[in-house]
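Below: one structure, written as structure tokens.
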Amino acid sequence: MSYNPENALIVQSDRTILLEVHAPTAGAAREAIAPFAELIKSPEHVHTYRLTPLSIWNARAAGLGVEQMVKALQQYTKYPLPSSIIEEIETLGRRYGLTRLFKSDDGFFLILKVADEALAELLLREKPIAPLLEKRLSPLSFQVPTQFRGLLKKALVEVGYPAEDLAGYVQGDALPLKLRSTAQSGQPFVLRPYQLEAADVFYQSGRVQGGSGVICLPCGAGKTIVGMAAMAQVQENTLILTTSLTSVRQWRRELLDKTELPEEVIAEYSGEMKATGPITLATYQILTYRPHKDADFPHFSLFQARSWGLIIYDEVHLLPAPVFRITAELQARRRLGLTATLIREDGRESDVFALIGPKRYDVPWRELESQGFIAQAICREIRVPQDSEEQMRYAVAPRRQQFRVAAENPRKLEVVRQLLIDEIGHKILVIGEYIEQLRTLAELTKFPLITGKTTQKQREVLYQKFRSGEIDGLVLSRVGNFALDLPDADVLIQVSGKYGSRQEEAQRLGRILRPKSDGRTARFYTLVSERTCEEDFARHRQLFLTEQGYGYQIN
DNA sequence: TATAGCGCAA
DNA sequence: CGTCGTGCGCTATA
């Protein structure tokens, strides 16, 4: 194959792939490589992707073959593919499944089968793996104690030979569960096609491969409903872990509304309740509670409280380290991770891959948008200059305070004022990081301010006023990131954001994506101080949006 | 016995 | 890098 100037991709031997955004085939090329390449930079003209072992294994686990990956690159590459890249994809891609885990016939231990003797010898010489292999059963198989299932999978990912786990699951106590066709609230209720597909892919109609993994869906796309659909497939006792009490309550409400489960079946295991039932809801926080450092985790007993047939990890990208550790011991339970972004700020994606499971399903946000399940959104970044006095303050500030100086750029106030004029008549959320700045903004906009100190009662009152249209806007601190009960808005103005968090960007964008009754477009504004570190952070945050197919207008 | 307020941790 | 929000368990209060 030779030079093809129409094409959008430049594939380089260092495993990076450059995508020329304005090339005629850019959209199709992006779609073709997104399943197996990780986006790392997305400025306006050229986006950079990278092939990583994990990105390739996730694609393999989702059923994408190495030939398809190579073909995708060949189809859209501008220059001939470096042969090293083809080899790289083949080597890494083919490694997936060279090791496979089975249950022994009597069920007392696991069997690790490897593809060839050389690999067997290689694994025997790997420090993290050798101690987990109890006995060699044949040239190509090892006996492994069942309790090492998670450790072994984690270690195999580390040494580059991820296992296909075919050892199956224990059966949990039965729990008959039916989804309603009319929700209790009276609304007709049907699973959307992608929700059904996600739950099916997770469960794989009873095949042994299914039953563990991660489903990525945008906020507002109904992850809770996918969870319920999975529960309806499994029909066994389920433990649901979430990040907050609000979210516990939300799951409970949804379960009562959309399934035929009676109230007493759903228990809440929290600071104030500590009940368990066939369906139990708990927070990560109570699980990670310890009376003092170096003590063990008293609430881990929850995992043994019942015979769980399914454990759901809500917001799996926020899973705390101790829960990872115990999840290594729970590999015989079905596990479903739910998230909007698989990206972890601590880089433990490979732990999610090994211990929860590979990514089973995701839909680009833009696709849901075109189907009308989430609202269209326009994202705009507004560069705000600092005046000279402020520039000086920024320049001389200690490095660690620079970000705050940039974030609190007083000229952002003017911009907000102008945006309010432009957006008059719409429902507006102003979100920022620093309470002082938000106080000033609240005064300026005459919108009520909600921070962590605002009592739940007051929040409710204000949300209600916002919903009813009595007030046009709210100023919010970080409570705006996670508060599930926060009403939806048309316009979101982000005056400052936290470092490089893609998660945060996702959460906040999700705020305005609930479909509008009149099909209106939502607007997402990010205010960024010019010539400051904020520009760099902003770029990093936007990676997420680009991954989802959103363009960022900058001015 | 219920509940408000505090300190702590990840 | 620190700031902020959260939920835990404990203690004080009646």
Side-chain angles (χ1 to χ4, degrees), chain A residues 240-252 268-275 280-302 313-327 344-348 351 394 396-408 429-442 449-460 462-463 474-486 494-501 503-504 507-508 511 532-534 536-537 540-541:
Chain A
I240 303 170
L241 308 177
T242 73
T243 51
S244 69
L245 279 175
T246 320
S247 162
V248 163
R249 310 262 148 79
Q250 156 112 353
W251 271 92
R252 193 185 154 75
E268 179 184 318
Y269 188 92
S270 67
E272 46 189 281
M273 302 275 275
K274 303 229 181 25
T280 301
L281 293 153
T283 61
Y284 293 130
Q285 226 153 329
I286 197 163
L287 287 173
T288 50
Y289 168 79
R290 278 191 289 186
H292 53 91
K293 248 192 158 86
D294 313 322
D296 39 38
F297 298 90
H299 298 299
F300 274 9
S301 58
L302 183 56
Y313 300 83
D314 197 11
E315 313 287 2
V316 72
H317 59 283
L318 298 173
L319 208 66
V323 181
F324 265 125
R325 238 169 290 140
I326 191 148
T327 298
R344 290 180 64 96
E345 249 56 74
D346 64 1
R348 296 187 69 166
D351 287 2
Y394 178 81
V396 301
R399 206 171 169 64
R400 60 181 199 280
Q401 278 170 37
Q402 282 187 333
F403 183 75
R404 182 158 189 169
V405 174
E408 297 192 308
L429 298 177
V430 180
I431 303 191
E433 281 297 299
Y434 299 105
I435 305 294
E436 272 311 299
Q437 181 187 35
L438 293 172
R439 256 194 269 277
T440 319
L441 277 162
L449 172 67
I450 299 178
T451 71
K453 285 217 265 300
T454 314
T455 61
Q456 294 297 332
K457 244 207 181 85
Q458 274 176 289
R459 292 184 204 188
E460 268 312 307
L462 291 170
Y463 293 157
L474 292 170
V475 178
L476 300 159
S477 69
R478 272 167 45 187
V479 292
N481 289 3
F482 296 103
L484 293 161
D485 40 2
L486 179 61
Q494 181 170 245
V495 290
S496 51
K498 198 178 185 300
Y499 310 113
S501 173
Q503 272 172 44
E504 189 175 80
Q507 295 282 358
R508 291 182 173 176
R511 276 280 154 249
T532 69
C533 56
E534 255 196 329
D536 305 321
F537 292 130
H540 188 231
R541 284 200 315 261

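No hydrogens, no waters, no symmetry mates; every other heavy atom, side chains included, goes into these values. Naming: A, B, ... by sequence-line order, numbering from 1 per chain. Model, not experiment: these values are computed from the prediction.
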Sugar-phosphate only, base, or nothing, as touched by A:His292 at under 4.0 Å among non-hydrogen atoms: nothing
Quick one: do A:Glu460 and A:Lys457 make a salt bridge, cutoff under 4.0 Å? no
Examine B:dA10: is either OP1 or OP2 under 4.0 Å from a nitrogen or oxygen in the side chain of A:Arg290? Give yes or no. yes
Over 60° means perpendicular and under 30° means parallel, so tell me whether A:His299 and A:Tyr269 are parallel, tilted or perpendicular. perpendicular
Map A:Ile435 and A:Arg400 onto DNA chain C by nearest heavy atom, then report which one ends up closer to the 5' terminus. A:Arg400
A:Glu436 has an atom CD; how far is it from atom C1' of C:dC4, in whole Å? 13 Å
Would you indicate which nucleotide in C:dT6, C:dC8, C:dC4 comes nearest to any side-chain atom of A:Arg404? C:dC4
Look at all strands and tell whether A:Thr288 reaches a base, only sugar-phosphate, or nothing, counting heavy atoms closer than 4.0 Å. nothing
Please work out if A:Gln401 contacts a base, only the sugar-phosphate, or nothing of the nucleic acid, heavy-atom cut-off 4.0 Å. nothing
Check this for me: A:Lys453, atom NZ, are more than 12 non-hydrogen atoms of other residues, nucleotides or ligands nearer than 6.0 Å? no
Send over the distance from A:Tyr434 OH to C:dG5 C1', rounded to a whole Å. 14 Å
How many whole angstroms separate atom CZ of A:Phe403 from atom P of C:dC1? 14 Å
Whole-Å distance between B:dA10 P and A:Arg325 CZ? 10 Å
Let me know the distance between CZ of A:Phe537 and P of C:dC1, rounded to the nearest Å. 10 Å
Does the side chain of A:Thr451 get closer than 4.0 angstrom to OP1 or OP2 of C:dC4 through an N or O atom? no
At 4.0 Å (heavy atoms only), tell me whether A:Arg399 reaches a base, stays on the sugar-phosphate, or touches nothing. nothing
How many whole angstroms separate atom CZ of A:Arg508 from atom C1' of C:dG5? 12 Å
Taken to the nearest whole Å, CG/A:Leu245 to P/C:dG5 is 17 Å
Using a 4.5 Å cut-off on heavy atoms from C-beta on, say whether the side chain of A:Glu268 contacts that of A:Leu245. yes
Using a 4.0 Å heavy-atom cut-off, does A:Arg459 contact any base of the nucleic acid, only the sugar-phosphate backbone, or nothing at all? sugar-phosphate
Closest to the side chain of A:Ser477, out of C:dG9, C:dT6, C:dC4, is C:dC4
OP1 or OP2 of C:dG9 less than 4.0 angstrom from a side-chain nitrogen or oxygen of A:Lys274, does that happen here? yes
Sidechain-backbone polar pair: A:Gln402 side chain, A:Tyr394 backbone, donor-acceptor under 3.5 Å: yes
Mark yes or no for whether A:Arg459, through its side chain, and A:Gly452, through its backbone, hold a donor-acceptor pair below 3.5 Å. yes
Atom pair distance, as rounded to whole Å: CZ in A:Phe297 and P in B:dA9: 13 Å
Taking atom types as they are modelled, would you say the side chain of A:Gln285 forms a donor-acceptor pair with the base of C:dT6 within the 3.5 Å cutoff? yes
Side chain of A:Tyr289: nearest nucleotide among C:dC8, C:dG5, C:dG2? C:dC8
Does A:Arg478 make a side-chain donor-acceptor contact with the base of C:dT3, cut-off 3.5 Å? yes
Shortest side-chain distance from A:Lys293, nucleotide among C:dG7, B:dA10, C:dC1: B:dA10
